[in-house]
Structure formats: structure tokens, C-alpha cells
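Proteins come first, then strands; the chains are lettered A, B, ... in the order of their sequence lines, and each starts at number 1. Since this is a predicted model, take the numbers as computed values, not measurements.
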Amino acid sequence: MCGRFTMALDALELQKELELGEMPLDWLPRFNIAPSQMVAVVIEPNKRDVSWMRWGLIPSWAKDIRIGSRMINARAETLEVRPAFRRAYAQRRCLILADGFYEWKRNPGKKVPAIPYHFYLNGRKPFTFAGLWEFWKSPNDEEIKSCAIITCAANPAVAAVHERMPVILGREDCWRWLEPRSTPELAKLLQPYSGEDLSLHRVSKLINRPEFDHPDCILSQEE
DNA sequence: CCAGACGTTGTT
DNA sequence: GTCTGG
DNA sequence: CCAGACGTTGTT
DNA sequence: GTCTGG
């Protein structure tokens, strides 16, 4: 699963590395991005402008913004059938910008705290999660855009910690994800990350607190 | 027909 | 235990 | 994902 | 909005 992630690069570095368009002016490096917060997304593959969206997809028919807190992830295996995600899968796919993500390793049956790990690519290069997004109009007519991160089975590197992981798209695949495509073509993109350059290390439980967004979040900690 | 859910993960 | 907020 | 609240009334 | 359960 993916319930926390990082985007620690500065705007210019990220823009250059992923060949993006315009960046938000209020960009800040982030070390502990939590659900309900604003995340950086791209929805259009030509201009590739980056904008903010709320993390936690609120379906257009929702009566309450709170439903978004249950829609932070969408299983790749069931996108076509889930009422909350089906339309977005067909019409509103997005890229969510990241340079790492956290997973917690549990010890089943034992009453010990879960241990958090940070996953990142060699050289701390940025990458994109496959995502879905929606419009929602609040009762006082405020338009809110929100998104979900798609998950798949863990690859071998992640499996030691957790059974699921976010879908990470490659540098070319990510633009294909945004173009109109048939569902078989899209489904082919939603695979566990196959690169050999995904690293991990244990981090402090300080990251458990969503309000602790600090460079120390990604510091390596002794096992 | 109407009411109520619409999701994932992990645990039992 | 379960829901909400971040 | 984890942390923190989970309630009402009345008073400041 | 659309599907499922009653």
C-alpha cells in the first residue's frame, strides 16, 4: 500500500529531471506527505504542467468530502469495476510526483510497533505514481480536485516489508498513462516496478506523526 | 421498489 | 473498536 | 499510512 | 451516478 510518501527535490531540479512544464509557485520540499494533503500532479502529457490536488479521491457523486479519506489507494486489479474509480480510470488518469515512499513492516501477532522504511531510487531520482483524479463540488459550490494512488503487488525489493506497493511508472511509460488508450494497454502499465534501482532503509518512527515533515524523516536508522 | 454503499489494508 | 484528520 | 478522539452542557 | 441487498 502507499499511505505516506516524499517529494524532497526543489522545483527546478524536478522540472528538469522529469521534463515537466510549469511548476507551482508555492513549491516546498516534502518529507512526510500524508492523505488529505495537497500533492503535485500532472494530468496532460504535452504541456505537462504541474498542479496541486488533494490526496484522497472524492467521487463526483459524494455528499461528503470525508469519503476521500477512504480513497487514498485504488487496487490496479479492480479499477474497471469499482464504482468510485471506474470513470476516473477511463477518463481522468494522472501522474503523482514523488521521490520516495514509506511502508511499515508489521510483526503479525506480536504487540510490537510497526517499523517504517523509506523506499527510493538510486541517486534519489524523482519518479511518478500512476494515479486517478476527480472533480467534486462542495455544498458551497467550491470545486475540489482530488486523486488516488494506484497499488499493485509488491516487487521483490518491497515484499520483505509489505505485500503491496504503489505503481511506479517509467520515464516513457508515464506519458503513455496520460494518453487515451485501450484498457489492455493501460493495464500493461500497471505492473510492480521491475527496475533494480529501488533501495530502502529503516527510518525513525517520528514519521508516524503526519505533522512531522522534516529532512530527518528520511535519515537512515540502524536496524 | 428504496436504502445504503461506493475503499484498502491487515487481522481474526 | 472505529472513525476522522493530517 | 498513523495519531488521536470517541461527549454534552455551561461558563469564560 | 450506479450497483447491491433487502
Side-chain angles (χ1 to χ4, degrees), chain A residues 1-8 28 30-40 52-92 96 98-120 129-139 143-144 146-155 158-168 190 192 200-214 216-218 221:
Chain A
M1 186 185 193
C2 181
R4 279 324 155 80
F5 66 99
T6 57
M7 182 62 265
L28 279 178
R30 301 289 304 285
F31 302 90
N32 196 0
I33 302 171
S36 81
Q37 297 178 354
M38 300 303 265
V39 298
W52 297 119
M53 276 188 202
R54 185 186 168 99
W55 182 15
L57 187 145
I58 309 159
S60 58
W61 38 259
K63 292 182 185 72
D64 194 321
I65 194 172
R66 287 175 300 184
I67 196 170
S69 64
R70 297 198 303 251
M71 311 271 181
I72 66 170
N73 292 137
R75 289 179 68 92
E77 298 90 331
T78 54
L79 295 179
E80 285 184 79
V81 295
R82 291 282 183 261
F85 299 133
R86 203 173 32 193
R87 183 176 297 269
Y89 182 41
Q91 298 172 12
R92 282 181 288 280
I96 297 162
D99 72 348
F101 59 95
Y102 297 106
E103 297 288 356
W104 280 255
K105 183 172 187 172
R106 289 196 175 77
N107 214 328
K110 297 182 185 168
K111 290 180 180 174
V112 295
I115 300 168
Y117 292 82
H118 187 234
F119 289 83
Y120 55 97
F129 295 135
L132 306 174
W133 69 280
E134 270 294 353
F135 293 106
W136 182 71
K137 207 167 198 180
S138 74
E143 181 126 293
I144 293 180
S146 59
C147 61
I149 295 172
I150 298 175
T151 64
C152 61
N155 71 7
V158 176
V161 174
H162 198 81
E163 293 178 2
R164 306 284 299 175
M165 70 183 293
V167 173
I168 296 171
L190 301 179
L200 77 159
H201 59 65
R202 186 177 174 175
V203 294
S204 164
K205 290 193 209 26
L206 283 172
I207 73 147
N208 287 6
R209 298 165 153 278
E211 61 269 35
F212 186 73
D213 186 337
H214 185 278
D216 287 354
C217 287
I218 60 173
Q221 181 146 110

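Using a 4.0 Å heavy-atom distance criterion, I207(A) is classed as making no nucleic acid contact. Note on A74(A): only backbone sugar-phosphate atoms sit closer than 4.0 angstrom, heavy atoms only; bases stay farther off. Within the nucleic acid shown, A34(A) comes within 4.0 Å of at least one base atom, counting heavy atoms only. In this structure, R4(A) reaches the bases: a heavy-atom distance under 4.0 Å links it to at least one base atom across the strands shown. At the heavy-atom level, T78(A) lies under 4.0 Å from the strands shown only through sugar-phosphate atoms. Using a 4.0 Å heavy-atom distance criterion, P59(A) is classed as making no nucleic acid contact.
Residue H162(A) has a polar side-chain atom (N or O) positioned under 4.0 Å from OP1 or OP2 of dG10(B). Of the side-chain N and O atoms in S69(A), none sit less than 4.0 angstrom from OP1 or OP2 of dG6(C). Considering only side-chain N and O atoms, R66(A) lies under 4.0 angstrom from the phosphate OP1 or OP2 of dT4(C). Considering only side-chain N and O atoms, R82(A) lies nowhere under 4.0 angstrom from the phosphate OP1 or OP2 of dC3(E). Proximity of N73(A) to the phosphate of dG7(B): no side-chain N or O atom is located under 4.0 Å from OP1 or OP2. Side-chain N/O atoms of R86(A) include none lying less than 4.0 angstrom from OP1 or OP2 on dG7(B). Phosphate proximity of dT9(B) to R75(A): present, with a side-chain N or O under 4.0 Å from OP1 or OP2. At the phosphate of dC1(D), neither OP1 nor OP2 sits under 4.0 Å from any side-chain N or O atom of R164(A). Not one side-chain nitrogen or oxygen of S36(A) sits closer than 4.0 Å to the OP1 or OP2 atom of dC1(D).
Taking the side chain of R87(A) as heavy atoms from C-beta on, and the options dG1(E), dG6(C), dG10(B), the nearest nucleotide is dG1(E). Proximity note for P83(A) (side chain, C-beta onward) versus dT9(B), dC6(B), dC1(D): the nearest is dC6(B). When distances run from any side-chain atom of W104(A) to the nucleotides dC6(B), dT8(B), dC2(D), the shortest one goes to dC2(D).
When all heavy atoms of W55(A) and C147(A) are compared, the closest pair comes out as CD1-O, 3.5 Å.
Between E211(A) atom CD and dA5(D) atom P there is a gap of 11 Å when expressed in whole angstrom units. Straight-line distance from the CZ atom of R30(A) to the C1' atom of dG6(C): 10 Å, rounded to whole Å. Nucleotide dT9(B) holds its C1' atom 16 Å from the CZ atom of F101(A), rounded to whole Å. The distance between atom CD1 of I58(A) and atom P of dG6(C), rounded to the nearest whole Å, is 13 Å. The CZ-P distance, from R209(A) to dT4(C), rounds to 22 Å in whole Å. K105(A) has its NZ atom 13 Å from the P atom of dG10(B), to the nearest Å. Whole-Å rounding puts the L132(A) CG to dC6(B) P distance at 18 Å. Residue F85(A) contributes atom CZ, which lies 18 Å from atom P of dT2(E) at whole-angstrom precision.
Distance noted for atom P between dC6(D) and dT8(B): 29 Å (whole Å). Remark: the separation of the C1' atoms in dC1(D) and dG7(B) is 14 Å, to the nearest Å. For the C1' atom pair drawn from dT9(B) and dT2(C), the interatomic distance equals 15 Å after rounding to whole Å. Separation of the C1' atoms belonging to dG5(C) and dG4(B) is 24 Å when rounded to the nearest angstrom.
Considering only heavy atoms from C-beta on, V203(A) stays 4.5 Å or farther from F31(A) through its side chain. The closest side-chain heavy-atom distance from C2(A) to M165(A) is not below 4.5 Å. A heavy-atom distance below 4.5 Å is found between the side chains of R30(A) and D213(A).
Where stacking is scored as ring centres under 5.5 Å apart with planes under 30°, W61(A) registers as stacked on the base of dC6(B).
With a cut-off of 3.5 Å on both Watson-Crick or G-U wobble distances, the partner of dC3(E) is given as dG4(B).
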For H201(A) and F119(A), run ring pair (Phe, Tyr, Trp, His ring centres under 6.0 Å): C-alpha distance rounded to whole Å, both residues' side-chain angles, the deciding distance at 0.1 Å, then the answer. CA-CA 7 Å; H201(A) 59 65; F119(A) 289 83; 9.4 Å; no

Audit row: F5(A), D99(A), side-chain contact (heavy atoms from CB on, under 4.5 Å) steps and yes/no: CA-CA 8 Å; F5(A) 66 99; D99(A) 72 348; over 6 Å; no

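Look at R92(A) and E134(A) and you find a salt bridge, because one of the NZ, NE, NH1 or NH2 atoms lies within 4.0 Å of a carboxylate O, short of that distance.
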